[in-house]
Amino acid sequence: FVTLLGASGCGKTTTLRIISGLETPDEGSVILNGKDVTDLPPEKRPVNTVFQSYALYPQMNIYDNIAFSLQVRKVPKKEIDKRVRAAFETVGLGEEIYDKSPFELSGGQKRRAAIAGVLAMEPEVLILDEPTAGLDPKGRDEILDAIRIMHEKRKITVILVSHSMEDVAKLVDRIVVLSEGKVALTGTPKEVFAQVDKLEAIGLAAPQISYVFSELRIKGYDVPNDIYTVAEATDVLYKFLKQVK
């Protein structure tokens with residue numbers, strides 16, 4: 001589970017499009033599972049992408065939207081139904097929305113349906129470009145939970161682009177920070193977010209909660225310096241306050 005971070009214009013979307021086969025690199029190679037796929041067209045790659053402009057066909061109900069790509073590929077009807085139902089379950093959508101129009105869904109539900117459509121294709125690599133952009137907090141949490149569960153269940157590689165450091169800190173295994181088209185930093189969330197000065201120099205920041213803990217240390221409180229998620233912070237502060245009492 002990898003995320004690409006970087007300021008606007010650093011090359012994140014271009015990198016995703018190259019991996020997907022939608023753009024050809026000027027140099028270098030795209031290697032998937034040890035195989036050079038640089039010259040393969042998108043439909044020949046085991047990669048599927050959900051871009052910000054998630055598209056659902058308004059003339060189709062949600063079930064048919066998810067099944068459509070499989071029908072085009074002439075997958076047997078029983079296999080289509082099996083895959084569609086499994087994809088819906090993975091992203092946390094129930095049968096009650098199968099017959100609904102895309103216009104009847106919330107933003108979070110539409111985004112989950114778009115992800116389900118990609119999952120039904122059974123990709124080896126799933127690329128998500130700002131999957132929570134423009135959503136309210138409830139929709140954002142729905143999407144992040146669906147992505148986490150999907151990764152745990154399907155065990156597929158996920159490449160995520162997000163501007164939310166908090167989301168990144170609690171979801172991913174590895175971060176790749178891009179700056180001017182090059183890799184500036186890479187490592188686990190703790191390794192990357194520990195380098196706040198370097199992140200700020202290229203226009204990024206660590207998760208907000210890390211700055212809270214930095215201020216606590218400046219004020220003399222003995223709290224850790226590697227806390228990056230609200231869940232971690234809650235646990236640490238609860239234990240700390242019990243000791244203070």
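- Salt bridge present: K190 and E232 bring a charged side-chain N and a carboxylate O closer than 4.0 Å.
- Look at K239 and D235 and you find a salt bridge, because one of the NZ, NE, NH1 or NH2 atoms lies within 4.0 Å of a carboxylate O, short of that distance.
- In terms of heavy-atom proximity, P123 sits nearest to I156 at O-CG2, 3.4 Å.
- Nearest heavy atoms, C10 versus L5: SG-O, 4.4 Å.
- Among all heavy-atom pairs drawn from V2 and V172, the shortest one is C-CG1, 4.4 Å.
- Between F240 and Y221, the angle of the ring planes goes over 60°, which puts this pair in the perpendicular group of the 30/60° scheme.
- Considering all non-hydrogen atoms of both residues, R217 and V223 come closest at CD-O, 3.4 Å.
- A donor-acceptor pair under 3.5 Å links the side-chain atoms of N65 to the main chain of M60, judged by distance alone.
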- Message: Between D81 and R85, is the salt bridge (Lys or Arg N to Asp or Glu O under 4.0 Å) condition met? List the steps.
- Response: CA-CA 6 Å; D81 188 65; R85 290 177 181 276; 3.0 Å; yes
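- Contact annotation: the side chain of V177 never approaches that of T186 to less than 4.5 Å [non-hydrogen atoms, C-beta and beyond].
- Within the 3.5 Å criterion, the main-chain N or O of T90 finds no donor-acceptor partner in the side chain of K153.
- Checked against the 6.0 Å centroid threshold, Y98 and F88 count as a close aromatic pair.
- Cluster annotation: L126 and M121 are assigned to the same hydrophobic cluster (Ile/Leu/Val/Met/Phe/Trp/Tyr, side-chain heavy-atom contacts under 4.5 Å, transitive).
- Within the 4.5 Å cutoff, side-chain heavy atoms of V30 are placed close to those of I18.
- Between L204 and A7, the shortest heavy-atom distance links the atoms CD2-N, 4.0 Å.
- Within the 4.5 Å cutoff, the side chain of K110 has no heavy atoms near those of the I62 side chain.
- Classification of R148 and E152 as a salt-bridged pair holds, one side-chain N sitting under 4.0 Å from a carboxylate O.
- For the pair R83 and E79, the salt-bridge criterion is met [side-chain N within less than 4.0 Å of a carboxylate O].
- Not one N or O on the side chain of R174 forms a donor-acceptor pair closer than 3.5 Å with the backbone of F1.
- For N33 (side chain) and K35 (main-chain N/O), no donor-acceptor pair under 3.5 Å exists by modelled atom type.
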